[in-house]
Amino acid sequence: MVVVSAISFVRYEFTTAEGTVTVRRSFFLRQGEWEMVSSQSYPACTWVYSGAWLFFGEYNMPGYDGPSGQTAVRVEPLGEEYRQLNRNYVRRIGYELNNLFTADWSESDYRDLNFYDLYEAFLRIRNAQQTGALFEEGRSYEIPAAEFEAVFQSFFRIDAGTLRQYTTYHESTDTYRYRTRGMFDFAPTPNIPEPEVVAYEKNPDGTLRLTVNAVWAEKCLEQAFCHEVTVRPLEDGSFQYVFNRVLHSENDVEITWYTERLTEEQWAEYYEKKAGTETEDENTKDAAKDVAKEPAGESAEKNAEKNAKPDNILTAAEEMRLQKEAMAAAERCAEYYRDSSIIDAETGYSRIDNFSAEQRKAVVHCLGGQGLVSVSDDINMENGQQVEAFYDIYASGGDAMVTVFEVYREGDLCAKTFISRDGKTQSYYVLVGWREGGVPRIKGDGTRDLEEMRLTEKGYFIYTNTVTVMHGSLRDYYRVEPLSESCRKLTDRYLYGLSFVNYSLLAADWDADTVEAVLEPCMFEDLYRAFTREPFVPENGRIPAQTYEQVMTTCLPVTVEQLREHCGYDGETDSYEYEMIFSRQFPPFGEVVDYREQEDGTLILTVDVVWIDRNSDQAFTDQIVVQPFADGTFRYLSNSVEEKELSLPARADRTAFAIPAALLPAAPELPWMLTAKKQVLSGTSKKPINQPFLS
């Protein structure tokens, strides 16, 4: 059992048979009496017991970049004093986007330490500031010397002269230049090691030397690397970092999660021409000073009122107002988060463990009840008429704003405001995350220029970003008009996981007489998922013939002989070769928009294919005939396609996208393949990238 809070815990039950461990995960909540509110089981694709830690993982299909599915549980007890030392001195900085604990440095040699990576982290700790964006991404600020130096002198025994050797100091203005990371040098990963203090000793001079293991659940390692860090506790309860040394061994992992900052030349190429960063006026410098002193205080707000960001439609004061409105809306929904367990708390990747569809729906309704526009994946938009009214004004050339609250699957809220003003269009987002107990916090905000906005006849609001950010899409969307619950259920049952571009099953006309023309080995994995509602886990690059033929002959009007002729059957091993294909980026997805049941019990589904990346919500339309069976399985009997706004997609080049079976790892090693969004790979009706780009 893993205790989550005073009123919740998770129970893991393990069973093993024929060399496979099955994990049952049950979440319990006390609401008067203890009640199991959710439960799921899965075969463990990883199972490693290191002596101190047990690592086990749930398989995610290739391309999934959400929560890794890996769980780490400490089996061997660890003293509370070690945990407290970790919380006080190491974990609050951690390994994310800094090299404080991965570089060798000392008070006499700071040359390998990047001070800029630490400035905002130290500033937050010093000011007890945990929420809100302190600085805008990809910008340059001039910080008064006294303030900049005070931050570092709170955590290092360092004089101004030494600090100036490793930073950019402007003597004429007595300021330090501070540049934030932006879209060109901000490439973090949510799956990074976590520090754990495993030993310590007190030195004669009063300092503490801590031995720290980097525990990497994603890689099933209790010691991805080890380092020693020395800290100096001070009488007032604060402390200073004195020394860090990595204790190298032959088992050290490569530090792949840290990205170096841009060089001077790279910065000039990517940012300087656009931002004009070296010519900021005194008002901008003053605004930066106020942000450093009082990021959320009244004086910062007053100062912001007179400072409009040069590239933004909204003034800083308007942005601050939208942040406050987003926080106020979140606070009114706090009851739905109060008992939630937070993973990776206080990081940009924090998320709620096991945030259910029912909870998301409740939050959408709560926001809608406040009169706000609200929506979530597979949940109809509330108060969508506000978006329609905004679009009417925008289309007529007027000035208008509208804010859409989107509830993400991991529980975060994104308040995205669309602005049309003086012939220019932008979006401004505020991302709200959560702390334990249902306490909201601002995780980030940002502005994007928009090329165009479009409200289609079907009711899709599609907007085009001027610049595509890292891992982002050119276009994004909201479905404004409602889709019936029955259509949503049919979409989930019969279309979830199927691709419209990786094979021709849903992009060609066929029936029982011509089905051989669309038989392709790469379809199996998607049909298996539709058949079983579980991901397929291959073994040694082969699929037993019994499994392959049961799935394919159930899901399609084909014979075993047809399968063996067209799908790579090997008689010696009585198996089929496993062929996996990575989807093309941002593929179309299908949605059932109408259906009818025939006298023989078959269903005719009218499916619109929505291709947001190509600015279409009706690229082409399928008429799919499905035969449901009493046991819950079904068979696709035929398909006919009609081109609408776009031509049918070209058939995928299997040689370019297929992964040969010989190169596939054994099942326990599959998590290395997590590279892109699960729903992007499967082609289902989920947005390619839900999370806004965080700075």
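Below, each value reflects all heavy atoms present in this structure, side chains not excepted, and no hydrogens, waters or symmetry copies.
Contacts classified as salt bridge (charged side-chain N to carboxylate O under 4.0 Å, His left out) and involving residues 154-165 (residues at least two apart or in different chains) are given here: Glu149-Arg164. For residues 241-250, the set of pairs meeting the salt bridge (charged side-chain N to carboxylate O under 4.0 Å, His left out) definition, not counting sequence neighbours, comprises Glu228-Arg245. Residue pairs meeting the salt bridge (charged side-chain N to carboxylate O under 4.0 Å, His left out) criterion with at least one partner in residues 72-84, sequence neighbours excluded, are Arg74-Glu196, Glu80-Arg87. Contacts classified as salt bridge (charged side-chain N to carboxylate O under 4.0 Å, His left out) and involving residues 105-116 (residues at least two apart or in different chains) are given here: Glu107-Arg232, Asp109-Arg111.
The side-chain hydrogen bond (donor to acceptor under 3.5 Å, both in side chains) search around Gln266 returns Thr263, not counting sequence neighbours. With sequence neighbours left out, Tyr82 forms a side-chain hydrogen bond (donor to acceptor under 3.5 Å, both in side chains) with no residue at all. Judged as a ring pair (Phe, Tyr, Trp, His ring centres under 6.0 Å), and not counting sequence neighbours, the contacts of Trp216 are Trp257. Partners of Glu325 according to the side-chain hydrogen bond (donor to acceptor under 3.5 Å, both in side chains) rule, which considers only residues two or more places apart in sequence or in another chain, are Arg321. Applying the side-chain hydrogen bond (donor to acceptor under 3.5 Å, both in side chains) test to Thr417 and every residue at least two apart in sequence or in another chain returns Thr403. Under the ring pair (Phe, Tyr, Trp, His ring centres under 6.0 Å) criterion, Tyr49 pairs with no residue, sequence neighbours left out. Shown here are the ring pair (Phe, Tyr, Trp, His ring centres under 6.0 Å) partners of Phe155, two or more places apart in sequence or in another chain: Phe122, Phe239. For Phe27, the ring pair (Phe, Tyr, Trp, His ring centres under 6.0 Å) test picks out no residue, with sequence neighbours left out.
Taken from CZ in Arg139 to OG1 in Thr180, the straight-line distance is 8.0 Å, to the nearest 0.5 Å. Distance check: Leu29 CG to Phe9 CZ gives 10.0 Å after rounding to the nearest 0.5 Å.
Ion pairing between Asp412 and Arg351 fails under the 4.0 Å rule for side-chain N and carboxylate O. Taking a cutoff of 4.0 Å between a charged side-chain nitrogen and a carboxylate oxygen, Asp445 and Lys416 do not qualify as a salt bridge. Remark: Glu264 engages Arg177 in a salt bridge, criterion side-chain N to carboxylate O under 4.0 Å.
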Criterion ring-ring contact (aromatic ring centres under 6.0 Å, His included) on Tyr95 and Phe225, from CA distance to verdict: CA-CA 12 Å; Tyr95 305 122; Phe225 65 93; 5.3 Å; yes
Verdict with supporting geometry, Tyr110 and Phe156, ring-ring contact (aromatic ring centres under 6.0 Å, His included): CA-CA 10 Å; Tyr110 290 107; Phe156 294 118; 5.6 Å; yes
Test log, rule ring-ring contact (aromatic ring centres under 6.0 Å, His included), inputs Phe14 and Phe56: CA-CA 10 Å; Phe14 309 107; Phe56 55 93; 5.1 Å; yes
Pair Tyr178-Tyr141, ring-ring contact (aromatic ring centres under 6.0 Å, His included): steps then yes or no: CA-CA 5 Å; Tyr178 174 60; Tyr141 297 88; 7.0 Å; no
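Judged purely by atom type and a 3.5 angstrom limit, Glu406 has no side-chain atom pairing as donor or acceptor with the backbone of Cys414.
Between Tyr258 and Thr102 there is no side-chain heavy-atom pair separated by less than 4.5 Å. Residues Thr447 and Leu314 fail the side-chain proximity criterion, which asks for heavy atoms closer than 4.5 Å. Residues Phe28 and Ile7 fail the side-chain proximity criterion, which asks for heavy atoms closer than 4.5 Å. Within the 4.5 Å cutoff, no side-chain heavy atoms of Phe355 are placed close to those of Tyr336. Within the 4.5 Å cutoff, the side chain of Val253 has heavy atoms near those of the Leu221 side chain. A heavy-atom distance below 4.5 Å is found between the side chains of Leu113 and Leu100. Inter-residue side-chain proximity for Leu413 and Tyr337 is flagged as met; some heavy-atom pair is nearer than 4.5 Å. Put simply, the side chain of Arg181 does not reach to within 4.5 Å of the side chain of Leu262, judged on heavy atoms.
Under the 6.0 Å cut-off for aromatic ring centres, Phe148 and Phe152 qualify, their centroids lying closer than that.
Ser154 and Arg126 share a donor-acceptor pair across their side chains, judged by distance under 3.5 Å alone. Residues Gln323 and Tyr428 bring a donor and an acceptor atom of their side chains to less than 3.5 Å of each other. Asp236 and Ser238 form a side-chain donor-acceptor contact under 3.5 Å, judged by distance and modelled atom types alone. For the residue pair Asn114 / Glu260, no side-chain donor-acceptor distance below 3.5 Å is found, with atom types taken as modelled.
The minimum heavy-atom distance between Val242 and Val231, with the atom names listed, is CG2-C, 4.1 Å. Leu210 and Val90 get closest at one heavy-atom pair: CD1-CG2, 4.0 Å. For the pair Trp53 and Glu222, the tightest heavy-atom approach, listed with the atom from each and the gap, is CD1-CB, 3.6 Å.
Other residues, nucleotides and ligands place no more than 12 heavy atoms under 6.0 Å from the CZ atom of Arg91.
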